[in-house]
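Worksheet: the structure to be examined is printed underneath.
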Amino acid sequence: MLSLEFIRANPDAVRRAGELKGEPAPVDEILDLDQEWRARQHRAEEIKAEQNELSKQFAKTRDEALKARLRQMADAAKSELALADALKSELDDLLLRVPNLFHESVPIGETEAENVVIREWGEKPDLGFVPRTHFDLGESLGIMDFERAVRISGSRFAFLVGDGARLERGLVQFMLDVHTREHGYTELWTPMLVNSAAMVGTANLPKFADQLFKVEDRDLWLIPTAEVPVTNFHREEILDGDQLPLKYVSYAPSWRTEAGAAGKDTRGFIRMHQFSKVELVKVTTAETSLDEFEQLTRDAEDILQRLGLHYQAMAMCTGDMGFAQYKKYDLNAWAPGLDRYLEVSSCSVFSDFQARRANIRYRPSRGAPPRFAHTINGSGLALPRTIDAIMETYQRSDGMIALPDALKPYMGGVELIGAR
RNA sequence: GGGGAGGUGGCUGAGUGGCCGAAAGCACCCGCCUGCUAAGCGGGUAGGGGGUGUAAAGCUCCCUCGAGGGUUCGAAUCCCUCCCUUCCCGCCA
């Protein structure tokens with residue numbers, strides 16, 4: 001969230017950011033409530049201060065008249081504080097619904113049409129035959145099974161079978177190895193159910209509850225991404241400035257309701273209720289967060305390059321980047337069978353927006369007052385669509401699928417999927 | 001699941017109704033002292049919020065001793081609920 005002080009001082013900037021993001025900010029309500037709350041708070045504190053003072057007197061004098069008066073003051077202070085607290089929690093609720101600002105380098109725009117390609121790597125492969133889709137290939141090779149998944153769990157679920165499952169496992173291993181050994185990230189294995197406070201920390205709540213699976217009768221939610229537990233790893237901590245940046249990588253299944261995506265990407269292994277993802281997270285400082293964000297994006301791109309997949313890096317425009325992000329890049333890998341790009345990674349820097357919610361701070365130097373950290377995350381990468389891009393890019397005219405060299409050590413001797 | 005013990009500052013740990021936002025020790029910071037180092041001496045060091053201030057500083061008030069409620073003029077301290085840690089028993093991967 002944004003700080004109340006900032007909103008007080010820059011209401012127009014907050015309003016403008018909200019409009020350009022298509023996420024209107026309740027600035028006027030906040031400013032009104034803020035005034036009201038502060039007035040109440042002040043009055044309550046005045047009563048309380050006097051009460052505290054007189055109470056000390058009473059301890060000496062034991063004056064019964066004073067005691068009666070103090071009893072009244074205690075009641076008055078209590079009800080005044082209750083009013084102030086009610087206003088404050090109303091105010092806090094509103095603050096959680098104010099979208100983040102965006103960096104000046106973010107393109108202004110309303111829809112994905114105004115996103116900007118900032119980098120491109122490789123090119124669309126010329127296979128020399130009409131490429132098939134991954135789901136066509138996957139079903140005929142017997143490595144993907146959607147029909148059975150529907151019977152057991154419904155649409156947007158899948159089984160991977162044999163070499164398909166192996167491919168998924170190998171990819172996870174490969175990505176984790178690259179990020180931990182070569183990019184300097186520390187691996188985390190996390191809880192996959194988290195409480196509401198954690199979801200608020202990463203800004204999945206309160207606004208996006210309809211995107212999340214909730215455990216019945218408990219304050220637990222299935223994580224939509226490892227970002228949630230990993231970013232919250234240091235919640236309510238004050239870190240040492242010289243520990244930063246902290247770099248984490250985590251593999252986790254991710255669950256999303258995909259509400260609002262009815263009818264979209266219903267065929268294939270693209271938009272699932274459950275999918276695997278390797279996630280990169282950094283906790284850093286205001287001074288370094290934009291550079292660290294660029295580097296994190298490069299770390300994700302490195303995986304695509306090693307896999308030999310053609311992709312584009314896109315800078316998201318204001319209207320397409322989301323509520324909490326300060327700046328965001330998507331990585332879109334080319335899928336020849338589908339004849340389109342698939343989003344395999346989304347990398348974002350949040351400024352101190354999440355850190356403020358999750359109360360993650362650091363001390364720039366010994367004795368200095370704490371400051372909110374900056375958080376960054378990105379997929380490195382999301383599995384299903386990476387698998388799709390691999391299958392469609394490395395397919396052969398005979399329907400078998402070759403493997404990128406980088407992946408071969410992770411496939412237990414399998415070099416060609418479909419060979420018997 | 002049943003029963004016991006416990007949750008206090010960066011850490012250890014004292015504190016059972018006002019003198020306590022909190023002894024002492026450790027750690028850390030500043031200064032002094034000493035050929036150097038170590039030791040020693042003196043001082044400092046929790047977080048959040050309100051008011052004042054152009055702002056920083058400063059001044060001042062309020063809140064916070066796991067969380068929330070209650071008793072009381074007054075709660076770290078007493079009572080209730082919840083969460084967590086730990087030990088014993090039970091159950092189970």
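Every chain is numbered from 1 and lettered A, B, ... according to where its sequence line falls, protein lines coming before strand lines. The figures here come from the full heavy-atom set of this structure, side chains too, leaving out hydrogens, waters and symmetry mates.
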Residue matched to [N] through Watson-Crick or wobble contacts both under 3.5 angstrom:
N       : result
rC73(B) : rG18(B)
rA24(B) : rU12(B)
rG53(B) : none
rG1(B)  : rC89(B)
rA46(B) : rU64(B)

Quick one: label R8(A) by what it contacts on the DNA or RNA (base, sugar-phosphate, nothing), any heavy atom closer than 4.0 Å.
-> sugar-phosphate
Among residues 25-42 of chain A, which contact RNA chain B at a heavy-atom distance under 4.0 Å?
-> W37(A), R38(A), H42(A)
In numerical order, the residues of residues 56-68 of chain A whose heavy atoms come under 4.0 Å of RNA chain B are F58(A), A59(A), R62(A), K67(A)
Selected nucleotide, minimal atom distance to K48(A) side chain, candidates rC73(B), rC63(B), rG50(B) = rC63(B)
Nearest-nucleotide 5' precedence on RNA chain B, L70(A) against E46(A) = E46(A)
Nearest-nucleotide 5' precedence on RNA chain B, I238(A) against N52(A) = I238(A)
Does [X] put a side-chain nitrogen or oxygen below 4.0 Å from OP1 or OP2 of [N]?
X       : N       : value
R363(A) : rG10(B) : no
R356(A) : rG48(B) : no
K78(A)  : rU71(B) : yes

So, [X] and [Y], do they make that salt bridge, N to O below 4.0 Å?
X       : Y       : result
E287(A) : R371(A) : yes
K408(A) : D405(A) : yes
R97(A)  : E29(A)  : no
D28(A)  : R15(A)  : yes

Could you give the distance separating [M] and [N] at their [atom1] atoms, to the nearest angstrom?
N       : M       : atom1 : answer
rU85(B) : rC28(B) : P     : 32 Å
rU37(B) : rC59(B) : C1'   : 44 Å
rG4(B)  : rG18(B) : C1'   : 33 Å
rA75(B) : rU64(B) : C1'   : 13 Å
rU81(B) : rC87(B) : P     : 25 Å
rG70(B) : rG58(B) : C1'   : 40 Å
rC61(B) : rG44(B) : C1'   : 24 Å
rA57(B) : rG49(B) : P     : 13 Å

Between [X] ([atom1]) and [N] ([atom2]), how many Å, whole number?
X       : N       : atom1 : atom2 : answer
I47(A)  : rC63(B) : CD1   : P     : 12 Å
Q72(A)  : rU72(B) : CD    : C1'   : 16 Å
R71(A)  : rU71(B) : CZ    : P     : 11 Å
E5(A)   : rG48(B) : CD    : P     : 11 Å
Y362(A) : rG10(B) : OH    : C1'   : 19 Å
N195(A) : rC82(B) : CG    : C1'   : 14 Å
D85(A)  : rG48(B) : CG    : P     : 19 Å
E237(A) : rG9(B)  : CD    : C1'   : 16 Å

Would you check if the side chain of [X] reaches a backbone N or O of [Y] as a donor-acceptor pair within less than 3.5 Å?
X       : Y       : result
N232(A) : V228(A) : yes
S289(A) : T284(A) : no
K214(A) : A209(A) : no
R267(A) : F135(A) : no

Would you please classify the geometry between the H183(A) ring and the Y185(A) ring as parallel, tilted or perpendicular, with 30° and 60° separating the classes?
-> perpendicular
Please check if any side-chain donor atom of Q173(A) sits under 3.5 Å from a side-chain acceptor atom of Y251(A), or the reverse.
-> no
F293(A) ring center near H374(A) ring center (under 6.0 Å) | no
Tell me whether the centres of the aromatic rings in F372(A) and F350(A) are closer together than 6.0 Å.
-> no
